[in-house]
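Worksheet for the structure shown next.
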Protein chains: 2
Amino acid sequence: MDVMSSTRQRLLDAARDEFAAHGIAGARVDTIAARAGVNKERIYGYFGSKEKLFDAVITEAKAEHAKGIGLPEGDLAEYVGRLYDYHRQHPLLLRLLLWESLHYDDRPVPDQDRRAQGYDEKIAALAHALGTDVDRETAATLFTLLGLAAWPHTLPQLAGFLMPGDTEDRHNALRAHTVAFARRALEHHP
Amino acid sequence: MDVMSSTRQRLLDAARDEFAAHGIAGARVDTIAARAGVNKERIYGYFGSKEKLFDAVITEAKAEHAKGIGLPEGDLAEYVGRLYDYHRQHPLLLRLLLWESLHYDDRPVPDQDRRAQGYDEKIAALAHALGTDVDRETAATLFTLLGLAAWPHTLPQLAGFLMPGDTEDRHNALRAHTVAFARRALEHHP
DNA sequence: GGTTGACAACCAACTGGTTGGTTGGTCACA
DNA sequence: TGTGACCAACCAACCAGTTGGTTGTCAACC
């Protein structure tokens, strides 16, 4: 338990766990308040609604994510490996993104502009590393690399089913396979 | 509206839409019954519970999916393209899989054995097309190819954000990019 | 220094609409 | 007459959000 953190931050922490576990519809505001050790009314005082609390959680998680992994530069295949490791060590972020994606479907997510910031920089760095222009093709490449790294954590049951056995072994194998796959595609980039 | 279909089947159809749209926790059994045009009690008579109805929906959707797209043979990059098109034309399946994956987290999904059937065949076909053995590496390759095709439909908002503009154009570009990416990785397979 | 008032953080208790699931019975048909 | 499909009405638990009030803090004022 956090010895000294603000009520607001404890709500955010508790909400992250609850939303990552059960999604927007499945999360219970009473549970969040109880786990934060504060009264439920504080959620509405600080955030306004369950859904706005979710948005605040996502925004925070994405900011941490952007800080946690750097830009795509140098060995791009290893960048994919770093992304893979990040998702392995911080599984909540991807779960939050998936809940959000399913929830908003093809409607734009709130806060889109503010969450944009990091990506221009990433596309530019990737274009530099590839020796290409900053164009749609490079954006598509970035998107695909993000997907390669995230996919094994997106449908882990399917992975566990196609590659039975110990979870740790499977992850090691999948990481190596994913990095090698990305390397082959990137090395022969036109 | 289906002019002649059994009550059970109409419940399954209505449930597929509802679950794909809102997930297990977000779906409403009253809505499902109303859209099927039957009494809610029928859900419990036929399926037993909301969650068992969800399982029935998923099982049916996966069976259709397996039938709808063939085996990975011939041009494997085009197999990825076919998968991409399938997800574009039948977006409900992937949404159902994602809801299920998030719901069961790392617990095994029910019915695992019965849903297994198709995959052995797919791995064997892929091994044959690649000229490799039926081993974990081939399973990992299949898993990655499935992911490449599914990823743009998994986080469509991120795609729309990285590649702004018309949805149709973006899909055409992403499909071509994904197929080309897969081709480069597969052509230089060790 | 002590009193007062304003304000923000917080909480226990409440509310009323919603929800998954059940019950008792009608109807058609064998 | 018995049986299975079906339904209207019901129910108790649940849930997001609200309300009225308590407490602690801090500054203004005498």
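Just so it is clear: chains get the letters A, B, ... in the order the sequence lines come, proteins before strands, and each one is counted from 1. Small disclaimer: the values here were computed from a predicted structure and weren't measured.
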Got a list of side-chain donor-acceptor pairs under 3.5 Å for residues 176-183 of chain B, not counting sequence neighbours?
from, atom 1, to, atom 2, distance (Å)
B/His177, ND1, A/Thr144, OG1, 3.3
B/His177, NE2, A/Thr141, N, 3.4
B/His177, NE2, A/Thr141, OG1, 3.0
B/Thr178, OG1, B/Leu174, O, 2.7
B/Arg183, NH2, B/Asp75, OD1, 3.0
B/Arg183, NH2, B/Asp75, OD2, 2.4

Phosphate oxygens OP1/OP2 of D/dC6: is one of them under 4.0 Å from a side-chain N or O of B/Thr7? yes
Does A/Glu41 have any salt bridge (charged side-chain N to carboxylate O under 4.0 Å, His left out) partners at least two apart in sequence or in another chain, and if so, which? none
Given the side-chain rings of A/His171 and A/His87, with only the six-membered ring counted for Trp, is the space between their centroids under 6.0 Å? no
For nucleotides 12-19 of chain D, read 5' to 3', which letter fits each nucleotide if B means a protein heavy atom sits under 4.0 Å from the base, S means only the sugar-phosphate is that close, and - means neither? ---SBBBB
Base, sugar-phosphate, or nothing: which does A/Tyr46 touch, judged by heavy atoms less than 4.0 Å apart? sugar-phosphate
Classify the ring geometry of A/Phe19 against A/Phe54: parallel below 30°, tilted from 30° to 60°, perpendicular beyond 60°. perpendicular
Salt bridge or not between B/Glu78 and B/Arg175? Use side-chain N to carboxylate O under 4.0 Å. yes
Contacts of A/His90 meeting ring-ring contact (aromatic ring centres under 6.0 Å, His included) (sequence neighbours excluded), chain-then-number -> A/Tyr86
For B/Thr138, all residues meeting side-chain hydrogen bond (donor to acceptor under 3.5 Å, both in side chains), sequence neighbours excluded: B/Thr132, B/Asp135
Would you call B/Glu51 and B/His103 a side-chain contact if the rule is heavy atoms closer than 4.5 Å? yes
Could you state the atom-to-atom distance from CZ of B/Arg42 to C1' of D/dC7 in whole Å? 9 Å
Going 5' to 3' along DNA chain C, between which two nucleotides do contacts with chain B fall, using a heavy-atom cut-off of 4.0 Å? C/dT19 to C/dT23
